[in-house]
Amino acid sequence: MWKNIRRYIIPGIIFIALVVFFFVKFYVFKESATTVASQKADFVVEAGDLLSTFEKDEKVANDKYLNKIVEVKGLVDNVTDTKDDITVYIKQKGKTSGIMCSFDKKEFKRKGAKSGDEVSVKGICSGYLMDVILNKCAVVR
Amino acid sequence: MKSKIISLLFVMSLFQLVSAQKYITKSGHIWFYGETPMEEIEAHNRQVVSSIDCSTGELAFVLLIKSFEFKRALMQEHFNENYLESDKIPKANFKGKIDNVSKVDFKKDGTYPAEVSGDLTIHGVTKHITSKGTIEVKGNKITANSKFMIVPKDYDIKIPSIVENKIAKEMQVTVEMAYAPN
């Protein structure tokens, strides 16, 4: 009897405890990712095309792009650095709206961009207000 | 000819006057906080679009639910998928006005107390709210701050009974806006 407990039950308990520990650590308390740098884009589009899809029919565009990783190509209009994040604003000349891309500071430091650059940026599409909004962005090139 | 130029100048200056009265921001910060002994919930949204009209006191906010960032990924997932249903209802907004706008001098630097009232729409449910805050004028920049409480239940946000006691019944919402002239 004692032998059985030692052989099966104790290792069993340790195993279950480990499973619970890793579940809690890596699932329940998992920290939000700060960048999509390592993930593949679901869509690759020109900035102007992405914007016009939202301008034409927001609902259709939401159904297609919301929560997806979108890679946009376009011209950087300006870069804003605040204490919490960095925003790269991609906008065509003469337009009043564009694509607002929010970066985690560390990711932007790894690979950034500046005003006037032609860039490809990927991020998670959160929706459309005055601009199309991409979060957790990373510069592709 | 001369009168035409003068009238054109007049119209232009009028246009400038009108447009100068509206201030906007695309990177306003709204965050909420709620705590129980078991759980602390905090999420930040730094992409709030807001406008303030200095002459009428009209105030508007619109934000994307998906732009709220939580520290924990699972919490953010539950918030979006189960509680706020952000795929179905991606936005929340507020439309209202500064009731005591006549007491705020947007041309003079200073900090003014503000009383705001209007309709807040979250999760597709609209409620009339009032809140106190401050407006700070400094040069051509306006910052506005306010804090108020909301009850998720009022907005038809269903929290399953199994986690009901872990999530605060009331959330404190903090609004921090830095406007620039439009």
Side-chain angles (χ1 to χ4, degrees), chain A residues 23-36 39 54 57-70 77-91 96-105 123-137, chain B residues 19 22-31 38-51 60-81 84-94 124 143 162-163 166 174 176-180 182:
Chain A
F23 172 78
V24 169
K25 187 166 192 307
F26 293 105
Y27 184 69
V28 179
F29 286 99
K30 190 180 149 206
E31 294 212 345
S32 296
T34 54
T35 172
V36 297
Q39 284 167 275
F54 273 94
D57 191 334
E58 197 181 332
K59 209 184 164 305
V60 171
N62 274 337
D63 288 342
K64 185 173 178 187
Y65 291 116
L66 229 50
N67 264 350
K68 296 284 193 302
I69 298 174
V70 183
D77 185 75
N78 64 66
V79 177
T80 336
D81 192 345
T82 68
K83 73 176 202 300
D84 304 296
D85 60 358
I86 288 168
T87 301
V88 171
Y89 191 37
I90 296 177
K91 187 172 79 82
T96 49
S97 318
I99 318 289
M100 214 148 107
C101 311
S102 164
F103 285 76
D104 179 67
K105 289 212 162 188
I124 299 171
C125 184
S126 297
Y128 173 66
L129 291 170
M130 283 168 81
D131 309 288
V132 180
I133 291 178
L134 301 183
N135 282 326
K136 303 185 194 299
C137 288
Chain B
S19 69
K22 206 160 186 199
Y23 285 71
I24 63 158
T25 178
K26 286 179 177 181
S27 54
H29 181 194
I30 287 182
W31 58 283
M38 288 164 88
E39 194 94 81
E40 220 171 70
I41 295 169
E42 184 178 329
H44 294 261
N45 187 332
R46 295 188 174 84
Q47 297 166 329
V48 182
V49 170
S50 176
S51 68
F61 296 90
V62 59
L63 61 80
L64 293 168
I65 298 300
K66 284 187 197 299
S67 289
F68 274 106
E69 287 185 2
F70 292 70
K71 232 185 227 136
R72 274 159 41 191
L74 192 64
M75 233 186 226
Q76 188 162 337
E77 196 185 308
H78 287 167
F79 173 77
N80 277 293
E81 287 173 14
L84 271 290
E85 300 173 274
S86 62
D87 281 329
K88 231 167 53 187
I89 315 156
K91 291 176 192 176
N93 67 58
F94 173 83
T143 44
I162 193 162
V163 288
K166 285 174 76 180
T174 307
E176 297 167 345
M177 299 287 143
Y179 299 95
N182 189 9

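Contacts between A/K136 and chain B at a heavy-atom distance below 4.5 Å involve the side chain alone, from C-beta outward. For A/D63, no part sits under 4.5 Å from any heavy atom of chain B, backbone or side chain.
Two residues are said to be in side-chain contact when any heavy atoms from C-beta on lie closer than 4.5 Å; B/Q47 and B/L64 fail this criterion.
Using cut-offs of 30° and 60° on the angle between ring planes, the pair B/W31 and B/H44 is parallel.
Results of the side-chain contact (heavy atoms from CB on, under 4.5 Å) test with A/C125 over A/N67, A/N62, A/I99, A/L134 single out A/L134 as the only residue that passes.
Side chain of A/D131 to backbone of A/I133: no donor-acceptor contact under 3.5 angstrom is found. Under a 3.5 Å cut-off, the side chain of B/T143 and the backbone N or O of B/M177 do not form any donor-acceptor pair.
Residues of residues 69-77 of chain B having a heavy atom under 4.5 Å from any heavy atom of chain A, listed by number: B/E69, B/F70, B/K71, B/R72, B/A73, B/L74, B/Q76.
Between chain A and the options B/D87, B/N80, B/I65, the largest number of non-hydrogen pairs under 4.5 Å is found for B/D87.
Ring pair B/Y179/B/Y23: centre-to-centre distance not below 6.0 Å.
The 12-atom threshold is exceeded at NZ of B/K26, counting heavy atoms of other residues, nucleotides or ligands nearer than 6.0 Å.
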